[in-house]
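Both ligands and their constituent atoms are indexed starting at 1 by order of listing. In what follows, every heavy atom counts, from backbone to side chain, and hydrogens, waters and symmetry copies are set aside.
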Amino acid sequence: MTCKASFVFSDAFLNYHFHSDHPFNQKRVLLAKELLEASDTLSVSDIIEPRMATEEELALFHDKAYINAVKKASIGNLSEEEGLEYGLGTEDTPIFKNMHEASSYLVGGTLAAVDAVLQGNSLHALNLGGGLHHGFKRKASGFCVYNDGAVAIKYIREKYNLRVLYVDTDAHHGDGVQWAFYDDPNVCTFSIHETGRYLFPGTGNVNERGIKEGHGFSFNLPIDAFTEDESFIQVYESAFKEIADFYKPDIIITQNGADAHTHDPLTHLCGTMEIYQRIPELAHELAHQYCDGKWVALGGGGYDIWRVVPRAWSQIWNVMKNSNVKLGSIPESWLSKWQKKAPVTLPTTWQDSENIVPTIPRKAEISEKNYKILLSALKYTKNKI
Ligand SMILES: [Zn+2]
Ligand SMILES: [Zn+2]
């Protein structure tokens with residue numbers, strides 16, 4: 001089966017750039033795009049241009065005062081004191097020239113993806129430049145200035161009045177999006193992430209279930225450090241299927257941070273490409289089952305930009321376009337172009353070799369713990385598992 005899908009891209013995405021030593025690097029998006037082109041799965045006619053989100057659109061979620069602060073920072077006019085009030089100018093989220101424009105482009109990319117799907121031009125859409133899930137209403141946080149996912153969901157609610165299921169598989173908790181809709185029963189959020197005990201942002205406890213009318217529509221699966229493929233896939237699949245069946249969304253938005261891989265330098269999970277094959281496959285399947293195919297996928301974290309992110313993100317598109325992940329060899333043309341620039345040896349196959357994960361002695365204990373968390377997370381859904 002092939003589905004009509006849109007791939008949002010512009011070189012302007014690469015302008016979202018803090019400084020050369022910062023781990024967040026949008027070159028990942030270009031690497032993924034070129035890998036897809038080299039694999040003949042992405043063609044010019046699939047690509048749609050992002051637009052810059054307007055200030056009115058940003059204000060669907062963000063405070064005007066915060067937007068103004070970002071604009072001032074953008075032209076070097078924000079005092080240090082004012083900056084800190086808004087989380088701007090920190091080690092994680094430093095100020096850079098034209099940061100307002102660069103950040104607005106990422107949001108506009110996600111809005112373009114939403115419109116492509118909801119105006120019926122495409123069934124699925126992918127914006128790898130987006131997924132900045134830590135952005136708060138009036139504060140930048142964790143490499144994120146504007147929260148494109150939260151703005152886009154507000155936009156969907158306002159313009160299309162649909163019930164949204166947001167699924168976040170980044171290794172960090174999807175806090176910004178969760179808090180944005182914590183009291184809203186029309187938006188259900190589900191985040192699977194490494195437990196916040198030792199990892200930023202520290203939230204995402206299984207007991208964070210929403211408040212007021214939104215109670216019961218916020219799901220969290222904080223899994224243990226050193227979780228491997230098998231356990232990750234088991235709890236992700238069970239939870240996503242159950243939540244989709246419980247909530248029956250009109251559209252699914254996924255945040256596809258690729259930092260749960262064992263090579264990722266910022267986190268402690270031990271996933272391999274296996275999870276990055278299964279994550280989009282299941283999202284695709286459930287989007288067709290519950291939402292007539294309506295699925296918008298976003299990027300997110302991912303700090304091994306050479307060995308992990310290009311393959312992981314390309315698989316989302318391979319699934320959107322052809323319902324299948326790619327297996328076998330990585331195209332020679334991509335390898336020969338980028339190996340020269342990469343500081344590490346690039347993998348030559350779509351799948352990882354078997355020995356990349358170190359032996360984890362607590363494996364059985366970790367899997368059992370994750371399963372208990374799964375049961376607890378689904379305590380109030382009607383079918384349970
Ligand atoms: Zn499809
Ligand atoms: Zn992350």
Check whether any side-chain N or O of Glu208 sits under 3.5 Å from a backbone N or O of Gly204 as a donor-acceptor pair, and report yes or no. yes
Per-pair distances, 0.1 Å, donor-acceptor, side chain in residues 297-309, under 3.5 Å, sequence neighbours excluded:
residue, atom, partner, partner atom, Å
Asp304, OD1, Trp306, N, 3.4
Asp304, OD1, Arg307, N, 2.9
Asp304, OD2, Arg307, NE, 2.9
Asp304, OD2, Arg307, NH2, 2.9

Once ring pair (Phe, Tyr, Trp, His ring centres under 6.0 Å) is applied, do any residues pair with His124, and if so which ones, sequence neighbours excluded? His284, His288, Trp295
Need one value: angle at the Zn ion (ligand 1), His124 atom NE2 versus Cys3 atom SG, rounded to 10 degrees. 110°
Donor-acceptor contact below 3.5 Å, side chain Thr254 vs main chain Asn256: no
Got a sec, which residues hit ring pair (Phe, Tyr, Trp, His ring centres under 6.0 Å) with Tyr16, two or more places apart in sequence or on another chain? Phe18, Phe24, Phe96
Enter the distance from Trp350:CH2 to Leu35:CG here, rounded to the nearest 0.5 Å. 4.0 Å
Rounded to the nearest 10°, what angle sits at the Zn ion (ligand 1) between NE2 of His284 and NE2 of His288? 100°
Have a look around the Zn ion (ligand 2) and list protein N/O/S atoms under 2.8 Å, or say none. Asp170 OD1, His172 ND1, Asp259 OD2
Within the 4.5 Å heavy-atom criterion, are Tyr236 and Ile279 side-chain neighbours or not? yes
